[in-house]
Amino acid sequence: MGGYNHREIEPKWQNYWDENQLHMTTNDPSKPKFYCLDMFPYPSGSGLHVGHWRGYVLSDVWSRYKTLQGYQVLHPMGWDAFGLPAENDAIAKGIHPRISTERNIINFKRQLQEIGAMYDWSREIDTTDPKYYKWTQWIFLQMYKHGLAYRKEMPINFCPSCLTGLANEEVVGGVCERCGTQVEKKMLKQWMLKITEYADRLLDSLKTLDWPEKVLKMQESWIGRSEGADVKFSIADSTKSITVFTTRVDTLFGATYLVLAPEHELVNEITNSDRTAAVQDYINEALTKSAVERMASKEKTGVFTGAYGINPVNGEKIPIWVSDYVLIDYGSGAIMAVPAHDERDFEFADRFNISIIPVIATDDGNIPELPYEEEGRLINSDLYNNLSSDKARKVILKDLEKKGLAKRAVQYKMRDWVFSRQRYWGEPIPIIHCPACGEVPVPESELPVMLPDVENYQPTGTGESPLAAIDDWVNTTCPLCGENAKRETNTMPQWAGSCWYFLRYVDPDNDKELADPQKIKYWTPVDLYVGGVEHAVLHLLYSRFYTMFLKDIGIVDYEEPFTRLFNQGMITKDSIKMSKSKGNVVNPDELVQHYGADSLRLYELFIGPPEVDSEWMDSGIEGVYRFIQRLWNLFERSLEQLPQPTQESEKRRNRLIATITERIESFKLNTVVSAFMEFINDAGERLDKKSLETLVVLLAPMTPHLAEELWRKLGYEQSVFQAKWPKADPKMLVVDEVIVAVQVNGKTRATVKVAVDAEESQVSDAAVNIPSVKNSLAGKQVVKTIFVPGRIINFVVR
RNA sequence: GCCGAAGUGGUGGAAUUGGUAGACACGCACGACUCAAAAUCGUGUGGGCUAGCCCCAUGAGGGUUCGACUCCCUCCUUCGGCACCA
């Protein structure tokens with residue numbers, strides 16, 4: 001007999017699991033499978049803090065729970081190891097990113113092993129391993145061959161600090177998501193992935209996902225589908241025309257001017273000669289402004305081109321302006337402006353004295369205050385007057401369609417994905433540029449295109465990556481004609497490796513294909529995906545896109561990679577996110593040392609509802625540590641002299657099974673812990689053997705080391721994870737006595753203990769005799785009695 | 001500005017087809033053990049007063065209901081997302 005000593009038992013069982021390979025994924029096709037995946041981390045130099053652990057504990061609890069339920073569980077871990085921090089480190093200290101990455105991985109792995117997580121390390125993957133990125137490049141080639149990867153000269157978001165182009169998704173509020181520097185627009189020839197081709201599929205199949213509402217909403221609004229029409233405005237005294245996209249065809253009669261984005265290709269062509277100087281000045285100014293400056297300017301700016309368009313519904317001549325409030329990369333880069341019914345147009349028209357014609361009245365026929373953006377009834381619209389907005393849209397569109405002046409159109413906010421980075425530490429894009437043959441994909445047999453060593457990691461900032469300086473790597477021969485050619489020197493973004501990694505875990509060493517089709521079929525898609533909500537759009541959208549593409553080329557047979565998603569909340573300290581720079585990081589290593597991994601695991605669960613942010617309190621872990629000790633002592637006491645099970649203990653035991661199972665299933669893991677605490681508090685001096693056994697198995701997913709130790713104390717020779725998750729006997733869950741609340745006019749005056757199936761009259765008789773109830777009823781007349789069996793009885797009195 | 005989530009003791013939180021608000025834990029107080037402390041164990045702990053068979057109380061105000069943390073309306077605060085997307 002001795003006190004609870006985690007320092008002894010935790011290493012012991014970790015070694016045991018290791019030696020007996022208990023965390024290796026089994027291969028028994030007769031069993032149902034469960035694929036439980038963590039978002040793999042970027043192995044940073046700062047190591048893991050208790051906030052990171054929350055998700056890992058959660059997924060581990062589920063993996064162990066499913067194992068106990070007889071599932072064959074795949075629970076792997078790996079490294080999303082390409083990325084800027086390692087590269088910036090390399091620039092600053094001259095350490096090769098591979099060296100620092102390897103060092104960081106060792107530390108991460110040690111920490112993960114210390115929580116006792118049941119990862120199958122034989123399946124560990126690393127996105128920077130050529131054996132892995134060979135397939136990242138392979139997927140790119142397939143996309144290229146299917147016309148989904150293309151190169152385009154375009155103004156992209158460029159971070160002057162990271163010296164690389166960024167995807168739209170990586171720009172948050174006009175600044176670089178990574179370093180917070182204001183991004184600039186820069187014309188660069190970029191590799192793009194045609195994610196917009198999948199826009200509708202990405203939107204539609206959101207419906208099929210068991211994901212947090214919030215994430216679904218974010219993806220939906222990111223994709224930003226809107227339905228409307230392309231309407232053609234011919235240009236007066238010209239053969240050209242301007243097409244605009246609008247969702248409000250019903251307001252066409254109110255269109256009093258047109259606006260082109262400064263970058264619009266027709267601007268120069270249509271500008272009147274006497275306006276050329278003014279227009280040029282305006283464009284030059286607009287183009288040098290950053291995105292932030294463009295948005296920040298309070299006042300609308302613009303310039304008249306001197307040209308006029310013809311409104312297709314009434315033949316009116318309306319002026320054509322240029323303004324930077326129209327975006328070149330949405331719709332056609334041109335709009336029809338309806339100042340009466342659009343706030344932005346109103347502001348602009350007001351400033352430049354352009355006429356404002358209301359064409360929508362409220363449903364009761366009043367002309368509302370302008371700008372009025374709601375729908376209503378048409379006015380000033382010729383033969384369409386009096387139609388509702390909805391009806392008018394259909395009719396006007398139909399009439400214009402007949403004349404070939406409009407057609408139904410759909411636009412998305414989502415843009416194609418800027419896929420190239422001018423950085424070193426990423427997957428080389430497997431393309432060769434040949435003066436004669438043009439872009440030539442590297443033959444699949446020559447993959448991977450290895451990332452060469454360089455002497456200088458410094459980005460050039462010229463639109464070329466540091467790879468461009470390595471002549472013997474860049475210079476190669478064309479796979480088609482054999483003549484001298486050059487390699488593509490851009491690399492892929494960090495997201496590339498994480499788009500498909502869930503597939504690689506099922507067959508990580510395969511060098512013939514991405515993964516064995518049988519294994520893909522058996523294990524994927526992922527049943528439960530656990531990670532932070534910060535990836536709600538970026539990673540999860542890209543990964544869904546990749547999966548749909550892989551379905552189209554026959555690699556997988558489903559559209560969605562992650563059936564169920566769970567976002568764990570952040571753990572804060574002093575109400576702010578933990579970070580090294582804020583100096584508020586709680587290091588798990590010391591806590592493991594002091595309280596043990598089981599206590600830390602338990603506190604990570606107990607701290608609060610797993611999906612919401614929770615504040616870290618050092619005293620909190622004390623509480624669960626004490627609980628574990630009380631539990632341990634209860635075991636020791638009980639084993640000295642085991643009592644026999646009683647009807648009462650059996651009921652409590654079965655109720656515990658039901659409660660714990662239900663709460664794990666519904667992810668109420670904080671209340672799982674409190675259920676155990678209540679059980680122990682009610683247990684009395686000793687527990688019978690059956691109760692102890694049940695308790696140990698139920699605890700095993702949460703506190704695996706402790707459970708394994710106690711399982712041996714109960715006389716078992718095998719791992720507790722070979723045991724079966726118990727099932728509650730429904731007969732034992734029925735209660736025969738309940739406490740019923742007695743209310744008078746809805747106020748609880750007393751409680752009364754009655755048989756569960758007691759009739760109203762019985763409860764009523766017992767209730768009215770309770771002094772406090774009697775007093776409340778005195779001198780009053782009971783007009784109504786509400787009786788909810790097993791819950792309340794309420795006397796309504798007057 | 002638009003969309004969404006949340007607001008419960010000193011603290012973290014529990015309670016949902018509307019039915020005893022505050023489980024469980026932290027903290028605190030008192031007691032036991034001890035020379036003492038720590039640890040441990042036990043008891044108490046939403047607020048108020050006139051101390052009861054009382055009143056008030058789930059961000060504020062209203063509503064529905066026999067009964068509201070829970071449903072509806074208005075507002076406040078905090079957090080998250082989007083933001084000149086036509």
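In the text below, chain A, chain B and the rest are named by the order of the sequence lines, each starting its count at 1. Both backbone and side-chain heavy atoms feed into the values below; hydrogens, waters and symmetry mates do not.
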Of all the nucleotides listed ([options]), which has the minimum atom distance to the side chain of [X]?
X: A:Asp324; options: B:rG19, B:rU20, B:rC84; answer: B:rC84
X: A:Phe606; options: B:rA86, B:rC66, B:rC24; answer: B:rC24
X: A:Met677; options: B:rC24, B:rG13, B:rU20; answer: B:rC24
X: A:Ile739; options: B:rU20, B:rC24, B:rG19; answer: B:rU20
X: A:Val326; options: B:rA14, B:rU11, B:rA86; answer: B:rA86
X: A:Thr748; options: B:rA25, B:rU20, B:rA14; answer: B:rU20
X: A:Ile792; options: B:rA15, B:rU20, B:rA23; answer: B:rU20
X: A:Asn794; options: B:rC55, B:rC82, B:rC66; answer: B:rC66

What is the distance from [atom1] of [X] to [atom2] of [N], rounded to the nearest Å?
X: A:Phe245; N: B:rC84; atom1: CZ; atom2: P; value: 17 Å
X: A:Met218; N: B:rG4; atom1: CE; atom2: P; value: 15 Å
X: A:Glu622; N: B:rA39; atom1: CD; atom2: P; value: 8 Å
X: A:Lys217; N: B:rG4; atom1: NZ; atom2: C1'; value: 7 Å
X: A:Lys784; N: B:rU65; atom1: NZ; atom2: P; value: 10 Å
X: A:Ile621; N: B:rC24; atom1: CD1; atom2: P; value: 22 Å
X: A:Arg749; N: B:rG67; atom1: CZ; atom2: C1'; value: 13 Å
X: A:Lys747; N: B:rC53; atom1: NZ; atom2: P; value: 16 Å

For [N], give the paired nucleotide (Watson-Crick: N1-N3 plus N6-O4 or O6-N4; G-U: N1-O2 and O6-N3; both under 3.5 Å), or none.
N: B:rA60; value: B:rU74
N: B:rC79; value: B:rG4
N: B:rU17; value: none
N: B:rC53; value: none
N: B:rC26; value: B:rG10
N: B:rA37; value: none

Would you confirm whether the ring centroid of A:Tyr257 sits within less than 6.0 angstrom of the ring centroid of A:Phe348?
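Yes, the ring centres sit under 6.0 Å apart.
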[N] phosphate, OP1 or OP2, under 4.0 Å from [X] side-chain N/O:
X: A:Asn633; N: B:rU40; result: no
X: A:Arg626; N: B:rG27; result: yes
X: A:Ser226; N: B:rA86; result: yes
X: A:Tyr330; N: B:rA86; result: yes

For [X], answer base if it contacts any base atom (sugar-phosphate contacts may also be present), sugar-phosphate if it contacts only those atoms, and nothing otherwise; contact means non-hydrogen atoms under 4.0 Å.
X: A:Asn681; answer: sugar-phosphate
X: A:Gly623; answer: sugar-phosphate
X: A:Gln743; answer: base
X: A:Asp345; answer: nothing
X: A:Ile607; answer: sugar-phosphate
X: A:Arg225; answer: nothing
X: A:Lys413; answer: base
X: A:Phe627; answer: nothing

Before accepting this row, confirm whether a basic side-chain N of the pair A:Asp329/A:Arg415 lies closer than 4.0 Å to the acidic partner's carboxylate O.
yes
With a 4.0 Å cut-off, would you call A:Arg393 and A:Asp250 a salt bridge?
yes
Which atom of [X] lies closest to which atom of [Y], heavy atoms considered:
X: A:Ile628; Y: A:Ser599; answer: CD1-OG, 3.5 Å
X: A:Glu375; Y: A:Asp390; answer: OE1-N, 4.2 Å
X: A:Trp222; Y: A:Lys413; answer: O-CB, 3.7 Å

With syn defined as a glycosidic angle within 90° of 0 and anti as everything else, classify B:rG12.
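Anti conformation for B:rG12.
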Could you tell me if A:Asn633 and A:Tyr4 have a donor-acceptor pair between their side chains, going purely by distance under 3.5 Å?
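The criterion, which ignores hydrogens and geometry beyond distance, is not satisfied for A:Asn633 and A:Tyr4.
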Judged by each residue's nearest nucleotide on RNA chain B, which is more toward the 5′ side, A:Val612 or A:Thr751?
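Looking at RNA chain B, the more 5' nearest nucleotide goes with A:Val612.
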With nearest nucleotide decided by heavy atoms, which residue, A:Glu343 or A:Ser619, maps closer to the 5′ end of RNA chain B?
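Of the two residues, A:Glu343 wins.
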